[in-house]
Each structure stands twice: as structure tokens, then as C-alpha cells.
Protein chains: 2
Amino acid sequence: MAKFIKANDCHACPYKSYSLTKLDGTDIDNIQNNCLIVTFKRGENICKQGTEVTHALYLAKGSVKLFVEGKNKNLILKLINERKYIGLQSLFGDRIYNYTVAALEDSQICMINADIILKLAQSNVEYLFELTKTLSESTNFVYKKIVDINQKQLRGRLADILLYFSETVFKNPTFDLKLTRKELAEYSSMSMENTVRILNEYKKDGIIGIDGRAFTILQPEILRKISELG
Amino acid sequence: MAKFIKANDCHACPYKSYSLTKLDGTDIDNIQNNCLIVTFKRGENICKQGTEVTHALYLAKGSVKLFVEGKNKNLILKLINERKYIGLQSLFGDRIYNYTVAALEDSQICMINADIILKLAQSNVEYLFELTKTLSESTNFVYKKIVDINQKQLRGRLADILLYFSETVFKNPTFDLKLTRKELAEYSSMSMENTVRILNEYKKDGIIGIDGRAFTILQPEILRKISELG
DNA sequence: TTATAACATTGTTATATATCAATGATATAA
DNA sequence: TTATATCATTGATATATAACAATGTTATAA
């Protein structure tokens with residue numbers, strides 16, 4: 001696995017979580033003393049489905065995919081960007097990961113002893129409240145996702161996802177996806193071949209531009225119409 | 001809508017939440033003074049997708065379905081039984097329901113002013129911690145569900161669901177489902193016709209017994225095998 | 001008691017989508 | 001530079017599933 005270093009200045013860390021503002025100095029010291037900063041290369045697993053939760057995972061820098069490993073295919077449930085906690089529901093829940101998280105690019109994860117974080121959360125209501133809000137938002141996201149996947153067919157689904165990337169994630173009509181076609185397929189719950197096919201359909205129709213993994217949304221209104229039609 | 005009464009003795013309520021044990025007497029009084037007990041008949045909506053969260057919803061008695069209303073079809077994400085909170089993620093999250101909850105049988109809901117509950121949660125870490133654990137478990141459940149739906153095909157899905165009802169929900173090989181065939185289909189994310197077809201396939205093969213909405217699992221091992229095959 | 005609606009069942013047909021297969025393009029290592 | 005693997009593309013085929021249609025069954029209300 002990857003290199004790790006001990007955290008040495010969480011107070012001044014430019015990547016620190018907003019939730020830390022709810023903690024006082026000694027609590028942050030406590031985190032710092034129980035935190036390893038681990039660097040993962042693209043493709044490396046950060047946590048593995050079926051294993052026990054021993055640490056809270058905070059993505060300081062980089063981006064990761066959270067996916068469920070099925071028998072034949074994987075399903076990517078969400079992409080997580082920097083300055084976000086990963087998998088709080090497993091920390092507060094049954095303490096077993098029911099998904100795998102892997103780096104999409106070189107990423108830095110702060111691994112904080114799970115018991116320490118739980119104890120902290122139980123002694124600081126403002127901090128716990130922040131974590132709970134985060135967890136709630138993440139749950140709401142997955143609720144929306146499960147529906148997208150089950151209510152629309154391929155073209156609508158892919159249209160939605162392209163709009164989501166451009167408007168919500170990158171906030172730019174042009175964006176550089178860190179996903180292979182296969183990963184994009186796993187995110188859309190469709191076959192890789194159909195993903196490619198439909199992307200190129202959209203390209204041929206002038207709805208999007210594609211250059212490798214860089215996409216440009218040329219006609220968002222058309223995508224929105226496709227999304228609405230299902 | 002349904003009849004409601006004011007809560008008058010939360011302390012001694014036989015349906016009270018475990019999380020209330022974390023609150024002291026005056027806090028419970030506070031809940032009691034801001035709680036309406038509303039009775040819903042089967043089919044009535046308890047909260048509606050797209051509307052604002054004004055109350056925390058606690059299912060004291062009965063059972064409900066939580067589902068997302070799509071364009072053509074609904075998707076039931078989970079069934080909730082008595083003595084459970086409903087939709088904590090909306091309370092702590094963006095305060096908009098992105099699903100509808102409806103009663104499956106006559107049910108009693110405690111509706112507690114949202115701001116009161118949030119204030120209470122923010123002043124009592126043990127209570128908040130219980131709610132967060134509940135929320136986490138519920139999130140984990142939906143994670144599993146999204147995968148079940150997307151990784152298996154009809155027969156495996158339905159096998160899983162029958163096993164889930166008998167082993168996890170009712171803890172009995174015989175159980176009386178409160179779902180119509182259409183609702184069971186919406187829970188399995190498949191068409192009503194195929195639901196009926198496959199159920200009757202299983203019946204003809206002696207794997208299950210069916211009498212209206214009462215089911216008996218006769219050969220769980222076969223169901224498990226079907227589930228594994230996909 | 002009959003009429004009406006909701007629910008359940010079964011067969012048929014259409015189609016969206018996965019799967020299979022082959023080939024091309026690009027990056028990586030030897 | 002060539003070899004090798006990963007990734008992307010395109011076409012052809014098979015099939016799981018939804019959608020349609022018709023009818024039977026049960027509950028509910030008038």
C-alpha cells in the first residue's frame with residue numbers, strides 16, 4: 001500500500017474539514033495525534049467491502065469512487081471529492097464496509113482511529129451534528145441515485161449524469177472526467193458498450209463534444225429534454 | 001386527513017423510541033408538549049415528496065411504505081415498522097422530502113415540531129448519537145437495496161425479497177404481507193405482471209405457498225440458490 | 001343483491017439492453 | 001523500436017423484461 005506520514009498540523013491544514021471548526025484546540029490535537037495521512041495512487045483501494053471499520057476516512061485531497069462489488073459487475077454509487085468524509089454511515093452503523101472505495105487519482109486520506117472519532121463525536125454535540133448533516137446529505141444523494149437508475153432508460157440516465165457532472169460537480173460545460181468508459185458505465189449502471197455507443201450518438205448529434213475523457217456539453221437543453229423523456 | 005390528538009404521556013408510552021431513554025424528564029416533557037399523534041388509514045400519505053419538512057415523524061404503531069414517485073411508476077425503497085423514525089435524513093439534511101411515505105395499515109404517527117427536535121438533538125449528544133446510528137443503519141439498508149436491484153435479475157431479486165421478509169422482517173416462514181402485488185412489484189422494481197408470474201412459478205414448483213397476501217416459504221434453500229444464481 | 005371498482009392472473013408481443021465478437025487506438029514496458 | 005496490455009469502438013445477436021390485452025376474482029358500495 002501507499003506511503004503514510006503522521007499528521008503534524010491539523011490546525012493549519014488547508015484541506016481540513018469544516019466540521020473541525022466545531023472542535024476546540026485540544027480535541028483537534030487529539031485527532032492530530034491519532035491521524036495518519038496516507039497517499040493512495042489511482043486504482044488503489046482505500047477501504048474494502050466486507051472488512052471492518054477501524055478508521056474514519058477523510059479525503060483531504062484527490063478524488064475517489066465508492067462502489068459495490070457485485071458478482072459480475074460493479075456499481076459506482078458515488079464519486080467523492082476532496083475535503084469530504086467517506087462512509088460515515090459505516091462508522092456510525094454496523095462497522096462493516098458494504099462497499100469498496102478506490103482512488104480515481106493520487107489522493108490523500110486522513111485515517112483517524114474510529115474509536116477516537118466516535119468518542120469525540122459523543123463528547124461534542126456540535127461536531128456530531130455537522131457529521132450527521134453530512135451523512136444526511138449523502139443519504140439523500142443515494143436516494144436520488146437509486147431512483148435515477150431505476151426510473152429512466154439508458155439515454156435519459158446518461159443525459160442526467162452528464163448534466164450532473166457539468167452543472168453540479170465541475171460547474172463548467174467542459175470537464176475532464178477521471179473515469180474510464182467502463183467506470184462511467186458502472187456509475188450509470190449500464191454496459192460499457194452501450195455507454196460508448198450513446199456517448200458517440202450524442203457527439204454525432206452535436207449535443208456533446210468528446211476528446212478522450214474530456215467532455216463538453218454543447219446543448220444542455222437537448223440533454224435536459226432527453227432526460228425528461230426518460 | 002386523519003384524526004389527531006395531543007400527546008399526553010410520552011414517559012409511559014408503550015411505543016416510545018429507545019432513543020428517548022437518552023433524554024431526561026424535562027426534555028421528554030418538551031417533546032410531549034410539541035407532539036401530535038396522528039392516525040392515518042391505509043393508503044393515506046404521511047408525507048409527500050417535494051414538500052418541506054416541518055415535523056419529525058415517528059411511527060409509533062402500524063407500518064408504512066417509503067417510496068419515490070416517478071413519472072410512470074413508483075419505487076418503494078423501504079417498509080418501516082412500528083417504533084421507528086421516518087426520514088431522519090430529511091430532517092438533518094435539506095429539509096425537503098424527496099420521497100413520499102404512506103400508511104400500509106392504520107398507523108399512528110407522532111409528529112414533533114422539527115425545530116424542537118433539532119434543538120433537542122443539538123443540546124443532547126447521547127440522543128443525537130442514537131438518531132445518527134439509526135440514520136446510518138437506514139442508509140446502509142438502502143445501499144444494499146440499490147445493489148440488489150441492479151445486480152440481479154427478476155427471479156433472484158424476488159427470491160431475496162421473500163427471504164428478507166421471512167427471515168429478517170417477520171422471522172417466520174409464514175407471513176402476511178401488507179402489500180398488493182403492485183406494491184410488491186414496486187418494492188422489487190419490476191412490473192406487476194412479472195411479479196405475479198414469478199410468484200406463481202415458485203408456487204407451482206412448491207418453493208413457496210401463497211394464499212392471497214399470506215406467504216409461506218417452503219424451501220428456503222432453493223430460494224437461496226436462485227438468489228445466488230442471480 | 002346487484003353493480004362497480006380494485007386487484008390478480010395469464011398469454012402474446014415488442015423492445016431495450018446485455019452479451020458476444022472483432023478490431024482499432026493508445027499507453028506502457030521491455 | 002517493438003511487444004503487450006489496457007482502453008475504446010462498432011456491429012450482430014440473444015434475451016430478459018416491460019407493455020399490451022383480455023379475463024377472472026374478490027371486495028365494496030349502492
Side-chain angles (χ1 to χ4, degrees), chain A residues 41-44 65 70-76 102 104-105 148-159 161 176-205 208-215 226-227 229-230, chain B residues 41-44 65 70-76 102 104-105 148-159 161 176-205 208-215 226-227 229-230:
Chain A
K41 290 210 191 74
R42 169 165 172 107
E44 285 185 317
K65 59 176 174 178
K71 224 176 168 182
N72 310 303
K73 56 181 175 183
N74 298 332
L75 177 64
I76 298 179
L104 288 172
E105 61 187 316
D148 285 350
I149 290 181
N150 285 287
Q151 303 261 345
K152 288 183 182 174
Q153 48 198 57
L154 303 193
R155 266 154 261 267
R157 236 139 79 197
L158 206 50
I161 286 169
D176 199 4
L177 253 199
K178 291 176 195 82
L179 302 176
T180 64
R181 296 294 187 269
K182 182 151 172 283
E183 285 172 324
L184 184 54
E186 287 172 353
Y187 188 74
S188 327
S189 188
M190 56 200 267
S191 73
M192 191 246 250
E193 292 91 332
N194 279 331
T195 306
V196 170
R197 235 182 293 269
I198 295 170
L199 282 177
N200 289 330
E201 247 176 65
Y202 290 167
K203 183 187 182 181
K204 206 188 313 171
D205 295 345
I208 62 172
I210 308 180
D211 178 19
R213 288 174 198 170
F215 295 81
I226 293 170
S227 154
L229 291 174
Chain B
K41 290 212 191 71
R42 173 171 167 102
E44 285 184 318
K65 60 176 174 178
K71 223 176 168 182
N72 311 302
K73 56 181 174 186
N74 298 332
L75 177 65
I76 298 178
L104 287 172
E105 60 187 317
D148 285 350
I149 290 181
N150 285 287
Q151 302 262 343
K152 289 183 182 174
Q153 48 197 56
L154 303 193
R155 265 154 263 268
R157 235 141 76 197
L158 205 51
I161 286 169
D176 199 5
L177 254 198
K178 291 176 195 81
L179 302 177
T180 65
R181 297 293 187 269
K182 182 151 171 281
E183 285 172 325
L184 185 54
E186 287 172 352
Y187 187 74
S188 325
S189 188
M190 55 199 266
S191 73
M192 192 248 250
E193 292 91 331
N194 279 329
T195 306
V196 169
R197 234 183 294 271
I198 295 170
L199 282 177
N200 288 331
E201 247 176 66
Y202 290 167
K203 181 187 183 182
K204 207 188 312 170
D205 295 346
I208 63 172
I210 309 180
D211 178 19
R213 289 173 198 171
F215 295 82
I226 293 170
S227 154
L229 292 174

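Everything numeric here is computed off the predicted structure, so don't read it as measured data. Just so it is clear: chains get the letters A, B, ... in the order the sequence lines come, proteins before strands, and each one is counted from 1.
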Any side-chain N or O of A/Asn194 less than 4.0 Å from the OP1 or OP2 oxygen of C/dA18?
yes
At less than 4.0 Å, is any side-chain N or O atom of B/Arg197 found next to OP1 or OP2 of D/dT17? Yes or no.
no
Any side-chain N or O of B/Asn200 less than 4.0 Å from the OP1 or OP2 oxygen of C/dT10?
yes
To the nearest Å, how far apart are A/Gln151 CD and C/dA16 P?
17 Å
Applying side-chain contact (heavy atoms from CB on, under 4.5 Å), run through A/Met190 and A/Leu158 and close with a yes or a no.
CA-CA 9 Å; A/Met190 56 200 267; A/Leu158 206 50; 4.3 Å; yes
Whole angstrom is fine here: how far is it from NZ in A/Lys71 over to C1' in C/dT19?
17 Å
For a quick check of understanding: with a heavy-atom distance under 4.0 Å over all strands, which category does A/Ser191 fall into, base, sugar-phosphate or nothing?
base
Select base, sugar-phosphate, or nothing to describe what A/Met192 touches, counting heavy atoms under 4.0 Å on all strands.
base
If I take atom NZ from residue B/Lys65 and atom CG from residue B/Asn74, how far apart are they, to the nearest 0.5 angstrom?
7.0 Å
Proximity to the side chain of B/Arg181 - top-ranked nucleotide from C/dA16, C/dA8, C/dA21:
C/dA8
Let's go through B/Leu184 and B/Val196 carefully: what are the C-alpha distance in whole Å and the side-chain angles of both, what is the deciding distance for side-chain contact (heavy atoms from CB on, under 4.5 Å) to 0.1 Å, and is it a yes or a no?
CA-CA 9 Å; B/Leu184 185 54; B/Val196 169; over 6 Å; no
Whole angstrom value for the distance that separates C1' of C/dT9 from CG of B/Leu199
11 Å
Write down the distance between CG (B/Asn150) and P (D/dA16), rounded to a whole number of angstrom.
18 Å
Which of these, B/Arg213, B/Lys73, B/Arg42, sits in a salt bridge (Lys or Arg N to Asp or Glu O under 4.0 Å) with B/Glu183?
B/Arg42
Provide, to the nearest angstrom, the distance between the CG atom belonging to A/Leu154 and the P atom belonging to D/dA18.
14 Å
Would you mind telling me which of D/dT17, D/dC7, C/dT17 lies closest to the side-chain atoms of B/Gln153?
D/dT17
Mind checking if A/Arg213 touches a base, just sugar-phosphate, or nothing, with heavy atoms under 4.0 Å?
sugar-phosphate
